[in-house]
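Predicted model, so just to flag it, every value in this text is computed and none were measured. Each chain gets a letter, A, B and so on, in the order the sequences are listed, and its residues count up from 1.
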2 protein chains.
Amino acid sequence: MKLSHQTFNIEKFKVSCANCNLAELCLPRGLEKGDLEKLESIIKRAKPLQRGDYLFRTGDHFHAIYAIRSGAVKVYKTTSDGDEQILGFHLPGELLGLDAIEKKKHVCTALALETSSYCTIPFSRLEEMCNLLPGLQNQMYRLMSRELSTDNESLLLLGKKSAEEKVTTFLINLSTRLHLLGYSATEFRLPMSRQEIGNYLGLTIETVSRIFSRLQNKKYISIDHKQIQITDLDALHNLCGGRNGNQIT
Amino acid sequence: MKLSHQTFNIEKFKVSCANCNLAELCLPRGLEKGDLEKLESIIKRAKPLQRGDYLFRTGDHFHAIYAIRSGAVKVYKTTSDGDEQILGFHLPGELLGLDAIEKKKHVCTALALETSSYCTIPFSRLEEMCNLLPGLQNQMYRLMSRELSTDNESLLLLGKKSAEEKVTTFLINLSTRLHLLGYSATEFRLPMSRQEIGNYLGLTIETVSRIFSRLQNKKYISIDHKQIQITDLDALHNLCGGRNGNQIT
DNA sequence: CGCGTCGTTGAAGCCGCTCAATAGATGTGG
DNA sequence: CCACATCTATTGAGCGGCTTCAACGACGCG
């Protein structure tokens with residue numbers, strides 16, 4: 001290897017959707033090799049975010065959408081009286097910022113829950129490229145459509161379900177998404193605090209904590225701080241209100 | 001007028017986005033006259049729906065999106081145990097069915113709350129046309145982005161707000177949207193039942209009714225069945241939790 | 001070690017739900 | 001036209017799930 005250390009670092013940040021194991025979940029899905037190279041040419045991979053760093057904030061000028069490559073990011077709105085409502089937690093392969101297209105300004109804030117890497121996709125160039133690559137345009141519609149679907153699932157979650165159903169649905173949803181990424185569906189680390197879970201689900205931190213304890217007493221799960229093990233996935237499914245747990249937001 | 005009665009009826013259903021007073025709110029927004037004609041060529045205007053008619057149902061094959069021209073439509077999901085969660089009420093100028101693109105199947109049901117007319121826009125032809133008309137493609141992104149934004153507002157509504165805040169936010173939202181359509185912002189007819197309002201807001205019919213009564217006692221509104229008059233819009237705004245009420249779902 | 005943050009658990013209170021009764025609106029058939 | 005049934009909406013009484021308030025333990029960091 002003749003590359004100097006310096007050069008190597010630059011190489012590390014060069015984009016290669018072709019080699020990215022998330023390609024099938026992300027924007028490149030369904031593109032041919034040649035088209036993939038065109039798409040890569042407009043994508044920039046930036047220095048990873050540290051825990052607590054902002055990806056974008058409410059009011060920021062919108063110029064690009066972002067694809068999470070690793071880590072976890074929370075997206076939230078801040079109300080006039082200062083407190084926040086978390087709208088979703090985003091894992092690798094998911095696109096952020098699509099809701100900012102209309103107003104050309106970000107309407108939410110995105111913050112890294114842990115060290116997270118991401119790709120930046122300038123929107124105006126993406127739009128141009130969609131005109132050239134119908135497959136890419138179709139994938140954009142699909143991804144936006146999917147986000148609409150998952151938002152609808154969230155509405156159902158908040159509107160109809162009890163606290164216990166909310167928490168179990170949340171766990172199963174997370175489990176499903178992690179499994180899709182190749183991780184264990186039954187053993188993982190929660191990237192967010194109880195506070196953040198409660199906020200997302202429209203519950204208090206105490207209620208979340210109590211329900212975790214209750215699920216643990218029933219031997220459905222086992223929790224050590226943020227490390228969680230699902231010991232009876234079927235039982236959890238049954239608590240979700242019959243269906244569901246496959247939403248992706 | 002030389003047209004026979006027969007001919008006149010056919011003419012009535014011919015599309016003309018150019019003459020549609022909703023054009024600036026709907027898909028044609030921002031298109032030049034020539035491009036508008038191209039768009040019109042793929043749009044079909046169908047016979048109006050009667051109250052209780054379905055526009056589409058969960059599981060239906062997705063082949064087109066729909067634009068409401070008049071009336072009001074509710075969109076809901078049905079849970080496995082049979083009851084429904086209403087996701088939104090749609091007024092003229094709004095697009096329906098965008099959340100079905102990904103799965104190529106409708107994931108919700110859309111039902112007319114009153115006599116409603118609409119346009120049908122075949123999606124595959126729309127996609128082709130977006131490749132030819134960058135302005136149209138941009139408008140599609142904007143409209144989908146806006147729906148994502150309004151879904152987020154709904155999440156905030158369901159997650160953070162009290163029953164009173166939910167109901168007042170709902171009223172102000174409706175008032176704002178009707179005003180945008182050229183109707184009175186302070187006097188209108190609710191196209192949905194108390195039951196449906198409660199379902200949408202995650203409340204029972206009794207709670208909705210009580211809050212309407214309370215708002216009436218405070219002289220903020222005046223209700224006669226479905227006919228509603230807002231007598232103190234500012235007071236309602238203050239009840240919303242400081243901000244908000246500008247979501248469009 | 002001391003401090004702050006996070007999470008757990010208990011006790012009490014309140015908001016919204018459930019159950020129930022009633023009235024008004026709507027529709028139907030005689 | 002009225003009698004009757006049905007559906008929607010309103011209002012009250014009581015209950016329960018979740019929140020609020022509070023105390024305490026565990027962990028991380030200076």
Side-chain angles (χ1 to χ4, degrees), chain A residues 50-52 74 81 83-86 111 113-115 157-171 189-218 220-229 239 241, chain B residues 50-52 74 81 83-86 111 113-114 157-171 189-218 220-229 239-241:
Chain A
Q50 296 305 308
R51 175 180 166 79
K74 74 168 174 180
D81 42 355
D83 52 22
E84 69 184 47
Q85 170 67 46
I86 296 177
L111 183 142
L113 293 171
E114 55 191 44
T115 305
L157 176 70
L158 285 175
K160 270 252 165 331
K161 302 201 178 188
S162 69
E164 190 172 76
E165 289 171 335
K166 285 178 180 178
V167 173
T168 52
T169 304
F170 172 76
L171 286 178
R189 196 176 167 283
L190 297 172
M192 69 294 285
S193 69
R194 305 285 193 274
Q195 175 68 50
E196 287 164 328
I197 296 172
N199 182 303
Y200 172 62
L201 296 174
L203 301 171
T204 59
I205 177 174
E206 294 94 330
T207 302
V208 173
S209 182
R210 272 184 255 270
I211 287 173
F212 275 164
S213 300
R214 199 191 305 167
L215 293 178
Q216 200 163 206
N217 288 337
K218 291 183 186 170
Y220 295 169
I221 63 173
S222 143
I223 295 196
D224 176 33
H225 302 100
K226 303 211 157 176
Q227 193 64 30
I228 189 162
Q229 187 174 2
L239 285 184
Chain B
Q50 295 304 309
R51 174 181 167 81
K74 74 169 172 179
D81 41 354
D83 52 22
E84 70 184 46
Q85 169 68 45
I86 297 178
L111 183 142
L113 293 172
E114 55 190 46
L157 176 70
L158 284 175
K160 271 252 166 331
K161 301 200 178 187
S162 68
E164 190 172 77
E165 288 171 335
K166 286 178 179 178
V167 173
T168 52
T169 303
F170 172 77
L171 286 178
R189 196 176 167 282
L190 297 172
M192 70 294 286
S193 68
R194 305 284 193 273
Q195 175 69 50
E196 288 164 327
I197 296 172
N199 182 303
Y200 172 63
L201 296 174
L203 300 171
T204 59
I205 178 175
E206 295 95 329
T207 302
V208 173
S209 183
R210 271 184 256 272
I211 287 173
F212 275 164
S213 300
R214 199 190 305 168
L215 293 176
Q216 201 164 205
N217 288 336
K218 290 184 187 170
Y220 295 168
I221 63 173
S222 143
I223 295 196
D224 177 34
H225 303 102
K226 304 212 158 176
Q227 193 64 31
I228 188 162
Q229 187 174 2
L239 286 185
C240 282

**Q** Can you tell me how far OG1 of B:Thr207 sits from CZ of B:Phe212, rounded to the nearest 0.5 angstrom?
**A**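 Reported value, rounded in 0.5 Å steps: 12.0 Å.
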
**Q** Have a look at B:Gly198 and say if it touches a base, only the backbone sugar-phosphate, or nothing, with a 4.0 Å heavy-atom cut-off.
**A**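 Nothing, no heavy atom under 4.0 Å.
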
**Q** Within the distance-only criterion (no hydrogens, no angle test), does the side chain of B:Gln216 pair as donor or acceptor with the backbone N or O of B:Ile223 below 3.5 angstrom?
**A**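 At least one qualifying donor-acceptor pair exists.
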
**Q** Go nucleotide by nucleotide along DNA chain D from the 5' end; which of A:Thr204 and B:Val208 gets its closest nucleotide reached first?
**A**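 On the 5' side of the pair lies B:Val208.
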
**Q** Think B:Ser213 has a side-chain N or O under 4.0 angstrom from the OP1 or OP2 of D:dT11?
**A**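 Affirmative; the distance criterion is met.
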
**Q** Taking atom CD of B:Glu165 and atom CG of B:Leu157, what is their separation to the nearest 0.5 Å?
**A**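 Atom-to-atom, B:Glu165:CD and B:Leu157:CG are 9.0 Å apart.
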
**Q** Separation of B:Gln195 atom CD from C:dC17 atom P, in whole Å?
**A**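 Between P of C:dC17 and CD of B:Gln195: 12 Å.
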
**Q** Could you check whether A:Lys226 gets within reach of a base, just the sugar-phosphate, or nothing at all, counting any heavy atom under 4.0 Å?
**A**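 Sugar-phosphate, no base atom in range.
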
**Q** State which of D:dA9, C:dG7, D:dT19 makes the closest approach to the side chain of A:Leu203.
**A**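 Shortest atom-to-atom distance from the side chain points to D:dT19.
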
**Q** Quick check: any donor-acceptor pair below 3.5 Å linking the side-chain of B:Arg210 to the base of D:dG12?
**A**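 When only heavy-atom distances are counted, B:Arg210 does reach the base of D:dG12 through a donor-acceptor pair under 3.5 Å.
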
**Q** Please check the phosphate of C:dC6 (OP1 and OP2 only) for any side-chain N or O of A:Ser193 closer than 4.0 Å.
**A**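 No, no such contact exists.
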
**Q** Can you tell me the distance, in whole Å, between the CD atom of A:Glu196 and the C1' atom of C:dG7?
**A**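 Result: 14 Å.
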
**Q** Could you tell me whether A:Glu164 and A:Lys218 make a salt bridge, using a distance below 4.0 angstrom between a side-chain N and a carboxylate O?
**A**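 Judged by the 4.0 Å cut-off on N to carboxylate O distance, A:Glu164 and A:Lys218 do form a salt bridge.
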
**Q** Could you tell me whether the side chain of B:Glu206 has a donor or acceptor atom within less than 3.5 Å of a complementary atom in the base of C:dC19?
**A**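 Answer is yes: a donor-acceptor pair is held.
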
**Q** Give a yes or no answer on whether the side chain of A:Ser209 reaches the backbone of A:Ile205 with a donor-acceptor pair at less than 3.5 Å.
**A**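 Looks like no, no N/O pair under 3.5 Å.
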
**Q** Round to a whole Å and report the spacing from CD of A:Glu164 to C1' of D:dC18.
**A**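 The answer, rounded to whole Å, is 13 Å.
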
**Q** Using only side-chain N and O atoms of B:Thr207, determine if any of them is under 4.0 Å from OP1 or OP2 of C:dC17.
**A**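 Yes.
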
**Q** Rounding to a whole Å, what distance do you find between A:Ile211:CD1 and D:dG17:P?
**A**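 The answer, rounded to whole Å, is 12 Å.
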
**Q** Between D:dA9 atom C1' and B:Phe212 atom CZ, what is the distance in whole Å?
**A**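 Distance, rounded to whole Å: 11 Å.
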
**Q** Expressed as a whole number of angstroms, how long is the span from A:Ile205:CD1 to D:dC24:C1'?
**A**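 Roughly 14 Å, once rounded to whole Å.
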
**Q** Please state how far atom CZ in B:Arg214 lies from atom P in D:dG12, giving the value in whole angstrom units.
**A**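 The distance from CZ of B:Arg214 to P of D:dG12 comes to 13 Å, rounded to the nearest Å.
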
**Q** Taking only side-chain N and O atoms of B:Arg194, does any of them lie within less than 4.0 angstrom of OP1 or OP2 on D:dT10?
**A**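 For D:dT10, OP1 or OP2 has a side-chain N or O of B:Arg194 closer than 4.0 Å.
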
